[in-house]
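Below is one structure, written out as structure tokens; comments come after it.
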Amino acid sequence: MTASNTVRTRFAPSPTGALHIGSARTALFGWLLARHAGGQFVLRIEDTDQKRYVAESEQEFIDMFAWLGIDFDESPQIGGDYGPYRQSERLDHYQKWAQWLIDHDKAYRAYDTPEELAAINEQRRADGLPPGYDRRHRELTAEQEQAFIDEGRVPVVRFKVPLTGKVVVNDLVQGHIEFDNSTLQDIVLLKSDGFPTYHLAHVIDDHLMQISHVTRSNEWVPSLPVHVHLWHAFGWELPQYAHLPVLLNPNGKGKLSKRHAGFSESGKQVLVLVKEFREAGYLPEAVINFLTNIGWNFGDEREVFDIEEAIERFDIGRVNPANSAYPIEKLDWLNGVYIREKMSAETLAGHLRKPLEQAGLNVDEATLQVVAPLVQTRIKTLNDVVDLAGFFFKPDFTPASADDLIQRKMDTAGMIAMLQHAEQRLKTLDDWQTDALHSAMLTVVEELGLKNGQVFGGLRVAVTGQKVSTPTFESMEIIGRDESLRRIQQAINILQAG
RNA sequence: GGCCCCAUCGUCUAGCGGUCUAGGACGUCGCCCUUUCAAGGCGAAAACACGGGUUCGAGUCCCGUUGGGGUCACCA
């Protein structure tokens with residue numbers, strides 16, 4: 001480690017698009033590790049691939065992490081003592097150290113063209129050999145190099161990996177891993193455009209930025225031995241490596257990617273971008289709690305916990321090395337828990353305004369406040385409020401059909417009679433509140449010899465226009481006397497017309 | 001295919017040689033409550049991939065098989 005014992009971890013995304021939920025989890029674990037140790041968490045933008053660069057990507061990362069509550073101590077925006085934090089602004093470092101490796105006979109220039117490389121692979125395939133570079137430029141003479149240069153070829157810099165022996169790594173998550181050097185490749189360190197590859201850049205930056213723990217997804221394990229050799233070539237002290245498991249598709253087949261999004265076997269849409277979770281009405285606290293529970297657990301049998309508690313208990317060594325199928329169905333449950341148990345109705349009301357307005361509804365604050373407690377135990381996502389209780393905010397009431405109005409074991413005539421009877425009762429009622437409405441309708445049930453559900457249900461559909469809604473009397477109280485009576489009359493008219 | 005990793009209920013997981021007749025959670029199913037839908041309460045079904053070892057004793061350690069995943073770019 002470096003002079004200090006400070007734990008420093010980083011999230012180092014390539015700005016090629018929107019933030020993926022799997023990347024967010026990898027970042028989360030690195031963040032948890034840093035926060036647990038009271039260390040620092042750094043954002044470094046790995047924009048070394050000019051072809052895949054997406055300009056909006058960086059801002060998207062910033063926004064999504066802010067939403068999730070994952071904060072950085074250093075980043076391109078915040079700055080810090082180890083900047084710049086964009087690799088495209090650190091090119092001089094990579095070029096300098098690549099040259100250093102060449103000077104110390106640990107790397108070499110290779111002048112092969114892409115076509116030649118393709119031909120090599122084709123030949124090797126034909127010969128039954130595994131693909132890879134055959135190291136033909138590993139020991140070029142000065143004259144040979146000059147000849148290539150004269151041809152106008154632009155070289156890449158390749159690493160001279162050790163050809164024999166083995167590398168052993170003790171990964172914090174994966175444990176003991178070993179590789180035979182004979183299986184390694186002379187990977188490209190510096191591309192012909194002067195930009196570094198990930199391999200070179202991350203080692204230099206993690207060293208220069210004094211990163212103590214490299215947390216990344218286990219897709220990197222195959223290149224780990226080469227990275228270890230690079231650290232040794234530079235003579236730098238290695239950070240600890242922690243290769244985190246990846247998220248697999250809900251059916252366990254293949255890693256979760258945007259490409260494989262779509263629907264799970266249960267028909268539920270599989271969300272993979274962080275912004276999709278936000279748009280779908282999930283709470284960031286629930287998403288974090290959900291993610292934290294995959295590959296790691298609280299330590300006792302609790303599934304619901306605050307992020308502060310997770311930070312306190314987090315232990316990178318207890319992370320499960322096995323990849324996990326993405327248990328997306330658990331998020332709905334957890335989000336429901338957060339909605340009903342982790343916030344007041346008032347707070348919930350605040351969260352409900354946006355989805356309601358996005359559905360084109362006009363949200364009156366007073367109404368929202370009384371509706372919130374009614375939906376609190378009934379919604380899984382914030383957006384669910386639109387279907388369940390959107391009618392409270394619709395300027396124009398959409399009445400239900402005769403079919404929906406008619407309750408079980410009742411016919412049109414019976415329904416009309418019931419509604420008319422109820423209407424009479426309600427008209428004489430001077431206390432238009434839930435309890436009074438309830439007891440008044442209870443007498444209607446008795447007088448007509450019906451079931452509670454037949455009367456209450458019929459009124460529900462008449463007044464809310466929905467078969468599934470918030471409770472009948474609470475809803476009637478909110479809708480108000482005049483409008484409720486108007487809707488009941490309207491229902492009667494519909495039944496009579498049908 | 002080569003290399004690397006992984007392997008407990010459908011899924012996420014607890015389990016770090018005996019306390020496991022394998023625990024929790026989601027989901028599923030049943031019952032209760034009930035004006036719909038939820039929520040809540042109670043309960044049920046549901047797993048140590050297989051085969052060898054090691055050991056007095058193995059879900060826990062070792063080997064193999066099978067299965068799964070990852071990776072083999074001048075992408076990260």
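All chains are named by letter (A, B, ...) in the order of the sequence lines, taking the proteins before the strands, and each is independently numbered beginning at 1.
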Between CD of Q174(A) and C1' of G69(B) the distance, given in whole Å, is 11 Å

Is there a side-chain polar atom (N or O) of T48(A) under 4.0 Å from OP1 or OP2 of C75(B)?
no

Could you tell me how far apart D180(A) (CG) and C72(B) (C1') are, to the nearest whole angstrom?
16 Å

Between G27(B) and A22(B) - P atom distance, rounded Å
24 Å

Spacing of the C1' atoms in C50(B) and G68(B) (rounded, Å):
15 Å

Could you tell me how far G40(B) sits from C4(B) if I compare only their C1' atoms? Round to whole Å.
49 Å

Contact class for E178(A) (heavy atom, under 4.0 Å): base, sugar-phosphate, or nothing?
sugar-phosphate

So what does P327(A) hit on the nucleic acid, given a heavy-atom distance under 4.0 Å: a base, only sugar-phosphate, or nothing?
sugar-phosphate

Return the nearest nucleotide to the side chain of S14(A); candidates are G23(B), A76(B), C4(B).
A76(B)

Using a 4.0 Å heavy-atom cut-off, does R52(A) contact any base of the nucleic acid, only the sugar-phosphate backbone, or nothing at all?
base

Nearest to side-chain heavy atoms of R460(A), which nucleotide of G10(B), U35(B), C37(B)
U35(B)

Rounded to the nearest angstrom, tell me the gap between atom CG in L224(A) and atom C1' in A76(B).
16 Å

Are the side chain of Q95(A) and the backbone N or O of G194(A) linked by a donor-acceptor pair below 3.5 Å?
yes

Check every atom of A73(B), U13(B), C3(B) against the side chain of F179(A) and return the nucleotide holding the closest atom.
C3(B)

On RNA chain B, check which nucleotide each of I177(A) and D49(A) is closest to and give me the residue with the more 5' one.
I177(A)

What is the distance, rounded to the nearest whole Å, between atom CZ of F305(A) and atom C1' of A14(B)?
14 Å

Residue-phosphate contact under 4.0 Å: K380(A) side-chain N/O, C26(B) OP1/OP2
no

Nucleotide C74(B), atom C1' - distance to CZ of F148(A) in whole Å:
16 Å

In whole Å, what separates the C1' atom of A7(B) from that of A49(B)?
8 Å

Partner of Y111(A) by side-chain hydrogen bond (donor to acceptor under 3.5 Å, both in side chains), out of R136(A), E145(A), E151(A), R153(A):
E145(A)

OP1 or OP2 of A25(B) sitting under 4.0 Å from any side-chain N/O of R302(A)?
no

Within the distance-only criterion (no hydrogens, no angle test), does the side chain of N249(A) pair as donor or acceptor with the backbone N or O of N251(A) below 3.5 angstrom?
no

Between G299(A) and P321(A), which has a closest nucleotide on RNA chain B that is more 5'?
P321(A)

Could you check whether W220(A) and Y198(A) have their ring centres less than 6.0 Å apart?
yes

Between N289(A) (side chain only) and E303(A) (backbone N and O only), is there a donor and an acceptor less than 3.5 Å apart?
yes

Gap between atoms CD and P, on Q407(A) and U34(B) respectively (whole Å):
18 Å

Polar pair under 3.5 Å, donor/acceptor by atom type, side chain R378(A), base U36(B):
yes

Under 4.0 Å, counting only non-hydrogen atoms across every strand here, what does W220(A) touch: a base, just sugar-phosphate, or nothing?
base

Is there a side-chain polar atom (N or O) of K51(A) under 4.0 Å from OP1 or OP2 of A76(B)?
no

Pick the C1' atom in U8(B) and in U54(B), then give their distance to the nearest Å.
22 Å

Would you tell me if any nitrogen or oxygen in the side chain of S324(A) comes within less than 4.0 Å of OP1 or OP2 on U13(B)?
yes

Could you check whether V221(A) gets within reach of a base, just the sugar-phosphate, or nothing at all, counting any heavy atom under 4.0 Å?
sugar-phosphate

Which nucleotide in A76(B), A7(B), U71(B) has an atom nearest any side-chain atom of E219(A)
U71(B)

Taking donor-acceptor contacts at under 3.5 Å, does the side chain of T183(A) reach the base of C3(B)?
no

R408(A) CZ to U36(B) P: how many Å, rounded?
10 Å

Given U35(B), U11(B), C37(B), identify the nucleotide with an atom nearest to the side chain of N452(A).
U35(B)

What about the rings of F29(A) and F314(A), do their centers lie closer together than 6.0 Å?
yes

Quick check: any donor-acceptor pair below 3.5 Å linking the side-chain of T377(A) to the base of A39(B)?
no

Look at the side chain of E58(A) and the backbone N and O of I45(A), then say whether any donor-acceptor pair between them is shorter than 3.5 Å.
no

Nearest to the side chain of S192(A), heavy atoms from C-beta on, is which of U35(B), C37(B), C74(B)?
C74(B)

Mind checking if P196(A) touches a base, just sugar-phosphate, or nothing, with heavy atoms under 4.0 Å?
sugar-phosphate

In whole Å, I'd like the distance from the OH atom of Y198(A) to the P atom of C75(B).
15 Å

Expressed as a whole number of Å, how far does the C1' atom of C33(B) sit from that of G41(B)?
8 Å

Can you see if the side chain of N323(A) gets near the phosphate of G69(B) - specifically, an N or O under 4.0 Å from OP1 or OP2?
no

For A76(B), take OP1 and OP2 only and decide whether either is under 4.0 Å from a side-chain N or O of R216(A).
no

Examine distances only and state if a side-chain atom of E474(A) and a backbone atom of T434(A) form a donor-acceptor pair shorter than 3.5 Å.
no

So does E447(A) have more than 12 non-hydrogen atoms from other groups sitting under 6.0 Å from CD?
yes

Taking only side-chain N and O atoms of N297(A), does any of them lie within less than 4.0 angstrom of OP1 or OP2 on A14(B)?
yes

Does OP1 or OP2 of U71(B) have a side-chain N or O of K255(A) closer than 4.0 Å?
yes

Gap in Å between the two C1' atoms, one belonging to U55(B) and one to A46(B), rounded
32 Å

When you measure from the side chain of K330(A), which nucleotide among U35(B), C74(B), A25(B) comes out closest?
A25(B)

Considering only the P atoms, how many Å lie between C16(B) and U11(B), rounded to the nearest integer?
23 Å

Which one, U71(B), A7(B), C74(B), comes nearest to the side chain of P222(A)?
U71(B)

